[in-house]
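Data block below; observations after.
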Amino acid sequence: MAKPIYILNGPNLNRLGTREPEIYGHTTLAEVEAMCREAASDRPIVFRQSNREFELIDWVHEAIDEGSGIIINPAALTFTSMALMDALKMFPGPIFELHITNIHRREPIYHKSYVSPIATAVIAGLGVRGYPAAVQAMNELVMTAEG
Ligand code: DHK
């Protein structure tokens with residue numbers, strides 16, 4: 001069985017759809033999950049969200065053993081968590097850092113990411129459609145790696 005792509009979401013993304021819709025849109029996280037499952041076609045995915053830093057780190061550890069690739073929207077932890085960065089450094093496969101908004105067009109506090117220096121790619125500013133786009137690209141990458 002093909003190893004799953006892990007899609008991990010950080011703090012406050014459980015409120016997607018009602019959280020600052022003028023910035024993050026009206027699509028809910030459950031709808032984003034459905035978009036990702038469709039984009040993944042036969043590839044299994046693990047789709048999770050947590051407001052707890054340690055839980056995201058535990059899931060990265062799980063992906064080290066079980067996953068083919070990681071797509072992560074660390075949300076605010078992007079700019080604060082060296083612990084999450086250190087966990088991601090141990091992951092042997094491709095890592096996509098994903099943001100719904102273009103963080104580089106926002107206030108300076110959103111400009112320095114701890115994840116970007118270790119990510120294979122960064123997707124920011126496509127809105128929620130960045131998720132299925134990331135899944136499609138990741139699927140092609142890991143399929144190539146699996147030969
Ligand atoms: C989501 C958040 O929660 C913010 O803390 C980030 C990111 C941006 C997003 O665009 O998906 O800065």
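Indexing begins at 1, ligand by ligand and atom by atom, following the structure's order. No experiment lies behind these values; they were computed from the predicted model shown.
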Is I103 close to F79 at the side-chain level, that is, under 4.5 Å between some pair of heavy atoms?
yes
Which residue and heavy atom of the protein sit nearest atom 6 (C) of ligand 1, plus the separation:
F79 CE1, 3.9 Å
Is there a side-chain contact between E66 and V46, using heavy atoms and a 4.5 Å cut-off?
no
T101-ligand 1 polar pair, N/O distance under 3.5 Å
yes
For residues G10 and A75, report the shortest heavy-atom separation together with the two atoms involved.
C-CB, 4.0 Å
Going through the distances and angles, do H99 and Y110 end up as a side-chain contact (heavy atoms from CB on, under 4.5 Å)?
CA-CA 11 Å; H99 300 285; Y110 294 114; over 6 Å; no
Quick one: nearest non-hydrogen protein atom to atom 4 (C) of ligand 1, plus distance?
Y24 OH, 3.5 Å
If you define the side chain from C-beta out and look only at heavy atoms, does anything of L13 sit under 4.5 Å from Y24?
no
Of the protein's non-hydrogen atoms, which lies at the shortest distance from atom 7 (C) of ligand 1, and what is that distance?
H99 ND1, 3.9 Å
Purely on distance, is any nitrogen or oxygen of I103 under 3.5 Å from one on ligand 1?
no
According to side chain to side chain donor-acceptor pair (under 3.5 Å), does anything in residues 67-79 pair up with another residue at least two apart or in another chain? List the pairs.
N73-Y131
Atom indices of ligand 1, in the order listed, that fall short of 4.0 Å to a heavy atom of A76
5 (O)
Any non-hydrogen atom of R19 lying under 4.0 Å from ligand 1?
yes
Could you check whether K112 makes a cation-pi contact with Y114, meaning its NZ or CZ is under 6.0 Å from the centre of the six-membered ring and within 45° of the ring axis?
yes
N12 contact mode with ligand 1 (heavy-atom cut-off under 4.0 Å)
neither
One finds that the ligand 1 atoms under 4.0 Å from a non-hydrogen atom of I100 are 9 (C), 10 (O), 11 (O)
